[in-house]
There are 2 protein chains.
Amino acid sequence: MTDDDRVFKALADPSRRFLLDLLFARDGRTLTELESELEMTRFGVAKHLRVLEEAGLVVVRRSGREKLHFLNPIPIRQIHDRWIDKFTEQHVTALIDLKHTLEES
Amino acid sequence: MTDDDRVFKALADPSRRFLLDLLFARDGRTLTELESELEMTRFGVAKHLRVLEEAGLVVVRRSGREKLHFLNPIPIRQIHDRWIDKFTEQHVTALIDLKHTLEES
DNA sequence: AAGTTAGGTGACCATTTGGTCACCTGTCAA
DNA sequence: TTGACAGGTGACCAAATGGTCACCTAACTT
């Protein structure tokens, strides 16, 4: 399996995306802490975190018996750069900003 | 199934990512034209294109009996914005640019 | 009108994937 | 040092996914 295969497969599951959302909101959480936010057993969450880790979307640091999880944004940016060139990026961000502006009013 | 579920599921398959690569290189191709680039039957390719279309990653325009396919970058940008804030974006792009600079030398 | 070309549909099968469980290792606290 | 706590492993099962095929419709060509 290639690197980018791992990244996209990892992102394909809603529980894993929710874990990334949690880490985006606040980094450095343990398995047990993350587990309490999902309706799933610890084993399920651990399995998902491992998939995210192997994809490089999450990096971990051990601290005693705890394992702290951090979000790594680099693979996400690389997805962006694969299909959006600098020129297109300007148009797309302008469109999305416009959409937000309209939704606020 | 939610919208973003469709997008991520669509991106999870290497053949579909390759189709996006092809459309990124050149837009507006037909099924038959795309089919010739993959080692797969027409039915397989058609199925993949439908998944991409339902995810909004590809938009189509009919022209007689032909169906032209175009890449839509907006969902890709939204993935980026979900986990990379403006502040982090600066660091990440700087890191990636640095990586490219180093690799050239 | 007849043949050809572009594309669509529903069924089918092999493989992968998400989630759980029984059981195990390592670390901290009283 | 004994128990509680944080996490890991391998097997297992139900459900989803990738790909093919037989068969179909619609549009262009001569």
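Model, not experiment: these values are computed from the prediction. Sequence lines set the chain letters: A, B, ... in the order given, protein chains first and strands last, and positions in each chain run from 1.
- Listed pair B:Lys9 / D:dA16 fails the phosphate criterion, with no side-chain N or O lying under 4.0 Å from OP1 or OP2.
- To the nearest angstrom, P of C:dT5 lies 13 Å from CD of B:Glu35.
- Rounded to an integer number of Å, the gap from CG of B:Asp5 to P of D:dA16 is 12 Å.
- Between A:Arg16 and the phosphate of C:dG18, there is a side-chain N or O to OP1/OP2 separation shorter than 4.0 Å.
- Here C:dA6 presents its C1' atom at 9 Å from CZ of B:Arg62, a figure rounded to the nearest Å.
- Counting non-hydrogen atoms under 4.0 angstrom, A:Gly64 reaches the backbone sugars and phosphates but no base.
- Going from atom CE of B:Met40 over to atom P of D:dT17 covers 16 Å, rounded to whole Å.
- For A:Pro14 against A:Ala12, the heavy-atom pair with the smallest separation is CD-O, 3.8 Å.
- The shortest distance between the side-chain N/O atoms of A:His48 and the OP1/OP2 oxygens of C:dT17 is not below 4.0 Å.
- Taking only side-chain nitrogens and oxygens, A:Lys47 never comes nearer than 4.0 Å to OP1 or OP2 of C:dT20.
- The side chain of A:Arg65 has C:dG26 as its nearest neighbour among C:dG8, D:dG7, C:dG26.
- The pair B:Glu89-B:Lys86 counts as a salt bridge, with a side-chain nitrogen and a carboxylate oxygen less than 4.0 angstrom apart.
- With distances taken from any side-chain atom of A:Ser15 to the nucleotides C:dA6, C:dG8, C:dG19, the minimum falls on C:dG19.
- Counting to the nearest Å, the C1' atom of D:dA11 and the CZ atom of A:Phe43 are 13 Å from each other.
- When every heavy atom of A:His69 is checked against every heavy atom of A:Leu31, the shortest pair comes out as CE1-N, 3.8 Å.
- Within the structure, a side-chain polar atom (N or O) of B:Thr41 is placed less than 4.0 Å from OP1 or OP2 of D:dT20.
- For the pair A:Arg17 CZ and C:dT17 P, the computed distance is 16 Å after rounding to whole Å.
- Side chains of B:Asn72 and B:Val58 form no contact here, defined as non-hydrogen atoms less than 4.5 Å apart.
- To the nearest angstrom, P of C:dT9 lies 6 Å from CZ of B:Arg50.
- D:dA15 atom C1' lies 13 Å from atom CE of B:Met1, rounded to whole Å.
- Under the 4.5 Å side-chain criterion, counting only non-hydrogen atoms from C-beta, B:Glu33 is not in contact with B:Leu22.
- Residue B:Arg42 places no side-chain N or O under 4.0 Å from the OP1 or OP2 atom of C:dG8.
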